[in-house]
Amino acid sequence: MNLFRLLQARASAGKPVRVALIGAGKFGSMFLAQVPHTPGLEVPVIVDIDRERAREACRTVGWSADRIAATVFTDDGTRAIAGGAMEVVVEATGNPAVGIRHARAAIAAGKHIVMVNVEADVLAGPLLAEEARKAGVVYSLAYGDQPALTAEMVDWARATGFRVVAAGKGTKYLPAYHDVTPDGVWQHYGLTAGEAQSAGMNPQMFNSFLDGTKSAIEMAAIANACALDVPSEGLLFPPCGVDDLPHIMRPRSRGGVLERPGVVEVVSSLERDGRPVFRDLRWGVYVVLEAPNDYAADCFKQYGLKTDASGRFAAMYKPYHLIGLELNISVLSAALRGEPTGQPFGFRGDVASVAKRNLRAGEMLDGEGGYTVWGKLVPAAASLKAGALPIGLAHRLKLKHDVAHGEIVRWNDVEFDANNETIRTRKAMEAAFAK
């Protein structure tokens with residue numbers, strides 16, 4: 001509750017917080033939209049593989065011609081990180097391999113790294129965060145995205161003395177979505193392919209939101225940052241509105257759907273027959289907590305908190321998230337307080353690649369939201385035991401064996417280069433954090 005005051009002090013002293021943004025897509029553009037309205041915050045460098053697209057993004061969000069002219073646009077992220085005078089690097093490319101490379105470059109240059117790239121975080125975040133801590137810089141999840149917002153609520157609950165029973169987010173989900181490909185994605189968003197194309201919407205990216213992959217990635221990030229467990233058989237996606245969170249998101253032994261307390265889970269905004277859930281949490285985040293004693297449970301009732309029938313389980317939630325519009329919180333927390341808005345401290349959740357159909361030897365995997373695989377949340381220990389191929393590495397790898405529909409793709413099912421930098425980083429993370 002003091003970031004704005006601290007930022008005002010920096011602005012008055014003529015020492016603005018300077019940021020390098022890598023990736024001027026939707027998330028990055030939303031962040032850029034707030035920069036002219038945040039005195040004391042500057043983005044002197046923007047990195048994107050398409051520099052003209054990045055300039056156009058600035059124009060679209062309302063940057064003045066003078067501000068654009070004063071900004072360096074480049075396609076070389078590593079060089080920009082090493083050469084700039086910025087304090088914070090925002091990695092918003094969404095590419096796991098590129099994200100890992102940029103994070104390490106920022107750490108080596110003594111700069112804080114805000115990892116919008118949750119795909120990279122789930123692939124190797126525990127190792128990157130440890131490297132940052134040893135270097136004395138901040139590695140942070142991105143505020144505005146659901147993992148950091150959930151981590152904030154978990155921290156609030158624990159700091160106030162409550163036991164966290166469940167934490168996560170909402171989404172639109174039906175079991176059939178796991179097999180959806182980019183060819184069929186837009187009907188589930190109520191759009192035609194032409195409408196989506198004219199809006200610049202990427203079908204594979206939006207399909208990763210729909211087919212369960214993005215939910216799995218975000219829940220793994222929360223589990224690793226908050227020391228929460230992962231459901232042993234993957235996410236349940238129970239239909240649940242905000243009023244029913246304390247009833248449904250409690251352990252089975254107490255009448256709920258959870259196999260045990262202290263887990264991550266995603267709630268669906270659709271009933272299994274496709275009807276909308278009443279007062280759904282599609283765009284929000286939540287935490288379910290348990291009163292530690294009868295007195296606290298009585299206070300829940302006295303102050304109107306919705307609980308389960310026992311009065312012991314209650315929920316707090318935030319109905320919306322604004323992604324890049326809220327990213328300043330992470331940037332300023334890192335630069336002004338030296339604190340992350342969530343970061344991984346362990347390896348508890350992983351995202352395994354699962355076949356969307358019967359796959360044949362010789363086929364090429366095409367990653368998140370594609371035609372071949374979707375990402376399933378699994379406990380990290382189970383993933384390692386099975387030799388599961390992480391979804392973040394299921395890009396342009398050729399299958400050596402057939403994989404049946406619904407089965408996990410394993411390392412021994414694909415051809416890969418063991419000397420590839422990203423694969424080596426992942427293997428190092430596994431070795432360092434595997435239980």
Side-chain angles (χ1 to χ4, degrees), residues 126 141 143 146-171 215-216 218-268 279 281 284-319 321 339-349 377-382 433 435:
L141 300 180
Y143 199 91
Q146 287 164 306
L149 297 180
T150 305
E152 179 184 49
M153 297 190 79
V154 169
D155 188 61
W156 164 84
R158 287 172 170 164
T160 49
F162 296 114
R163 180 189 190 188
V164 173
V165 177
K169 70 165 195 169
T171 197
S215 290
E218 292 186 332
M219 292 305 102
I222 293 167
N224 294 338
C226 299
L228 291 168
D229 289 331
V230 167
S232 60
E233 300 301 320
L235 293 169
L236 299 174
F237 295 97
C240 183
V242 295
D243 300 322
D244 290 328
L245 285 167
H247 301 273
I248 294 174
M249 306 308 293
R250 55 182 176 167
R252 292 171 191 161
S253 60
R254 303 294 296 273
V257 302
L258 306 178
E259 60 183 311
R260 59 184 178 277
V263 299
V264 294
E265 187 57 81
V266 177
V267 296
S268 176
R279 281 172 43 83
L281 194 65
V285 297
Y286 77 91
V287 61
V288 173
L289 47 95
E290 183 179 4
N293 50 49
D294 291 339
Y295 184 84
D298 288 341
C299 292
F300 287 172
K301 182 177 180 180
Q302 292 160 7
Y303 285 86
L305 194 60
K306 289 186 180 296
T307 67
D308 72 330
S310 75
R312 299 303 288 261
F313 295 93
M316 285 289 189
Y317 62 90
K318 188 172 185 176
H321 69 295
E339 294 180 357
T341 51
Q343 68 172 212
F345 284 89
F347 182 37
R348 304 173 75 96
L377 180 67
V378 292
F433 289 90
K435 294 180 180 179

Give the minimum heavy-atom separation between [X] and [Y], together with the two atoms involved.
{"X": "Leu281", "Y": "Leu245", "result": "CD2-CD1, 4.4 Å"}
{"X": "Pro246", "Y": "Val242", "result": "CD-O, 4.2 Å"}
{"X": "Phe345", "Y": "Phe433", "result": "O-CE2, 4.1 Å"}
{"X": "Pro147", "Y": "Ala221", "result": "CB-CB, 4.2 Å"}
{"X": "Ala296", "Y": "Ala291", "result": "CB-CB, 4.0 Å"}
{"X": "Asn224", "Y": "Gly349", "result": "OD1-N, 2.9 Å"}

When rounded to the nearest 0.5 angstrom, what is the spacing between [atom1] in [X] and [atom2] in [Y]?
{"X": "Phe313", "Y": "Ile248", "atom1": "CZ", "atom2": "CD1", "value": "14.0 Å"}
{"X": "Lys169", "Y": "Ile222", "atom1": "NZ", "atom2": "CD1", "value": "8.0 Å"}
{"X": "Leu289", "Y": "Leu305", "atom1": "CG", "atom2": "CG", "value": "7.0 Å"}
{"X": "Tyr317", "Y": "Met249", "atom1": "OH", "atom2": "CE", "value": "15.5 Å"}
{"X": "Leu149", "Y": "His321", "atom1": "CG", "atom2": "NE2", "value": "7.5 Å"}
{"X": "Met219", "Y": "Leu235", "atom1": "CE", "atom2": "CG", "value": "7.0 Å"}

* **salt bridge (Lys or Arg N to Asp or Glu O under 4.0 Å): pairs with one or both residues in residues 155-166, sequence neighbours excluded** => Arg163-Glu290
* Flag the pair Pro251 / Val165 as yes when at least one side-chain heavy-atom distance between them is below 4.5 Å, and no otherwise. => yes
* Side-chain heavy atoms of Val266 within contact of Leu377, under 4.5 Å -> no
* **Results of salt bridge (Lys or Arg N to Asp or Glu O under 4.0 Å) for Glu339 - residues two or more places apart only** => Arg337
* **Glu265: partners by salt bridge (Lys or Arg N to Asp or Glu O under 4.0 Å), with sequence neighbours left out** => none
* Which residues share a side-chain hydrogen bond (donor to acceptor under 3.5 Å, both in side chains) with Thr171, sequence neighbours left out -> none
* State which residues pass side-chain hydrogen bond (donor to acceptor under 3.5 Å, both in side chains) with Asp244; sequence neighbours excluded, sorted by chain then number. => none
* Qualifying ring-ring contact (aromatic ring centres under 6.0 Å, His included) pairs with a residue from residues 232-268, counting only residues at least two apart or across chains -> Tyr173-Phe237
* Asked: Would you say the side-chain atoms of Thr307 pair up with the backbone N or O of Arg312, donor to acceptor, closer than 3.5 Å?
  -> no
* Would you find a donor on one side and an acceptor on the other, under 3.5 Å apart, between the side chain of Glu259 and the backbone of Arg252? -> no
